[in-house]
Amino acid sequence: MAIEAVSVPLGARSYRVKVGPGLIDALGAEAKELGLGRRCVLISDSNVAPLYASRAVAALRAAGFEPVEVTAPAGEKSKSLDQAGAICERMIEAGLDRKAWVLALGGGVVGDLAGFVAAIYYRGVACVQAPTTIVAQVDSAVGGKTGVNARNGKNLIGAFHQPRLVLADVDTLGSLPAREFNEGFAEVIKHGAIRDRALLDAVANLDRANLAPIIRRNVEIKAAIVSADEEERTGERALLNFGHTIGHAIEAAAGYGRLLHGEAVSLGLVAACRISVKRAGLDPAEAARITALLDQYHLPVRLPEGVAADAILSALKADKKFEEGAIRFVLCPRLGEAFVSKEVTPADIAEAVAALR
Ligand code: NAD
Ligand code: GLY
């Protein structure tokens, strides 16, 4: 059965997102339809490449493409300028020019890194995203935010660079370890909290054998927000940062690699809900519902030992969401709605972080 794509309408940069089974084997045919150049680089990581790269390469070759394979070490530490530079050097050595394109095969780390390489290589080449985690399928592969981490902050070095196509093969989610599977639900719960309370019911009663509809719904939510505010200028796209201001700071304070991104976001969501109760009138029972859902997916709702509140608060100051000293903080007044506030104070944040103990 043909898979109906979700479209991301962005004028000349519009693209389609397909969600369904078996899409890795369709990579070559789909890329051919876009009229992409013959040569490409397939960027993956050391966990994903052994599982799926040979199928992706076979699909590309069958459609006449000549892929060069590059495999980064798995994990957040690969989201670095050094790694991006090394991949670009490898592409230069392989003789790839500006007609070449990038295929990102992996989770959010590979997608952000490979997307960034595509944004800077020869000042920008085409990119196709083939996300293989829930985080990447529901969030990071869609929307064109690419980048790497700085020593003192997540995603501080990057570029907007929309993919030409996203193919989310839901079969790949079957090989995700339990921790990485659960991690993805922090972003799903975030989407429900800011846009669609019915999604929260679906998350509470998940049918793991039928993930495509839930992933597709998340892509629709993200596509609508991105097409309304591609470069996060009007405040609409900033809503996607719900739970991320404190979440990113916790991720950095814990040391990249200790908490998975979604685990840090889970803690950030609990804190953001607490602040929403105080500053936006969120019903405490609705805040408790979010905490219970995160807990249902075994996501942390209490800070792990050894992550100091001071370190979290100093990491916050390096965040992009601090605008000339003021905090742009996303609040949720009722489940399914959100807005950006400048009323949240450092004391509110310190109190919410302390309450995570
Ligand atoms: P990840 O890419 O590190 O993947 C998690 C782990 O699962 C890794 O060890 C990976 O090798 C492994 N893996 C991936 N797919 C697999 C599969 N199908 N089977 C078995 N193992 C597999 O992490 P992630 O959670 O996917 O993404 C987190 C990253 O995404 C963070 O860096 C975060 O900042 C970024 N992100 C970006 C955006 C954006 O808009 N650009 C949005 C959300 C998150
Ligand atoms: N993940 C947040 C965004 O894409 O804007």
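The residues of the chain are indexed from 1 along the displayed sequence. Just follow the structure's listing: the first ligand is 1, and inside any ligand the first atom is 1.
Using a 4.0 Å cut-off between charged nitrogen and carboxylate oxygen, Glu286 and Arg289 do not count as a salt-bridge pair. We find that Glu305 and Arg258 are not joined by a salt bridge, their nearest charged nitrogen and carboxylate oxygen being 4.0 Å or further apart. Taking the charged nitrogens against the carboxylate oxygens, Arg334 and Asp283 have no contact shorter than 4.0 Å, which rules out a salt bridge. Between Arg179 and Glu183, no side-chain nitrogen of the basic residue sits less than 4.0 Å from a carboxylate oxygen of the acidic one, so the salt-bridge criterion is not met.
Summary of contacts: the protein heavy atom closest to atom 9 (O) of ligand 1 is Asn47 ND2, 2.9 Å. Among all protein heavy atoms, the one lying closest to atom 5 (C) of ligand 1 is Glu180 CG, 3.7 Å. When only non-hydrogen protein atoms are considered, atom 15 (N) of ligand 1 lies nearest to Thr132 OG1, 2.7 Å. Of all protein heavy atoms, the one closest to atom 38 (C) of ligand 1 is Ser140 CB, 3.1 Å. Closest to atom 24 (P) of ligand 1, if we only count protein heavy atoms, is Gly108 N, 3.5 Å. Ranking the protein heavy atoms by distance from atom 35 (C) of ligand 1 puts Asp112 OD2, 3.4 Å first.
Residue Arg237 has at least one N or O atom closer than 3.5 Å to an N or O atom of ligand 2. Checked against a 3.5 angstrom limit, the closest N/O atoms of Lys222 and ligand 2 fall inside it. Polar contact check, Ser175 against ligand 1: a nitrogen or oxygen pair lies under 3.5 Å apart. Between Thr133 and ligand 1, an N or O atom pair is found at a separation short of 3.5 Å. Geometrically, ligand 1 and Thr146 share no nitrogen or oxygen pair separated by less than 3.5 Å. The shortest N or O to N or O distance between Val110 and ligand 1 is not below 3.5 Å. Residue His248 places no N or O, backbone or side chain, under 3.5 Å from any N or O of ligand 1.
Proximity to Leu240 (heavy-atom distance under 4.0 Å) selects the following atoms of ligand 2: 2 (C), 3 (C), 5 (O). Of all the atoms in ligand 1, the ones that sit under 4.0 Å from a non-hydrogen atom of Glu183 are 25 (O). For ligand 1 and Tyr52, the ligand atoms under 4.0 Å from any heavy atom of the residue are 18 (N). Interface of Lys154 with ligand 1, defined as ligand atoms under 4.0 Å from a residue heavy atom, comprises 31 (C), 32 (O), 33 (C), 34 (O). In summary, the atoms of ligand 2 found under 4.0 Å from a heavy atom of Asp139, numbered by their order in the structure, are 1 (N). Close contacts of ligand 1 with Lys79, meaning ligand atoms under 4.0 Å from a residue heavy atom, involve 31 (C), 32 (O), 33 (C), 34 (O), 35 (C). Near Lys145, meaning under 4.0 Å from any of its heavy atoms, are these atoms of ligand 1: 40 (O), 41 (N).
A side-chain N or O of Glu187 and one of His244 form a donor-acceptor pair less than 3.5 Å apart. If you check the side chains of Asn182 and His298, you find no donor sitting under 3.5 Å from an acceptor. The closest side-chain donor-acceptor pair between Glu251 and His261 falls under 3.5 angstrom. Remark: the Ser175 side chain and the Tyr52 side chain contain an N/O donor-acceptor pair separated by less than 3.5 Å.
For the atom pair CG (Asn149) and CG (Leu156), the distance works out to 7.5 Å, reported to the nearest 0.5 Å.
Taking a 4.0 Å cut-off on heavy atoms, Gln137 fails to register as neighbouring ligand 1. A heavy-atom separation below 4.0 Å is found between Glu187 and ligand 1. Using 4.0 Å as the threshold, Leu260 has no heavy atom nearer than that to any atom of ligand 1.
Contacts of His244 with ligand 2, taken as heavy-atom pairs under 4.0 Å, are absent altogether. Contact annotation: for Asn155 versus ligand 1, heavy atoms closer than 4.0 Å belong to the side chain alone.
Under the 3.5 Å distance criterion, the side-chain polar atoms of Asp229 are matched with a main-chain donor or acceptor of Thr234.
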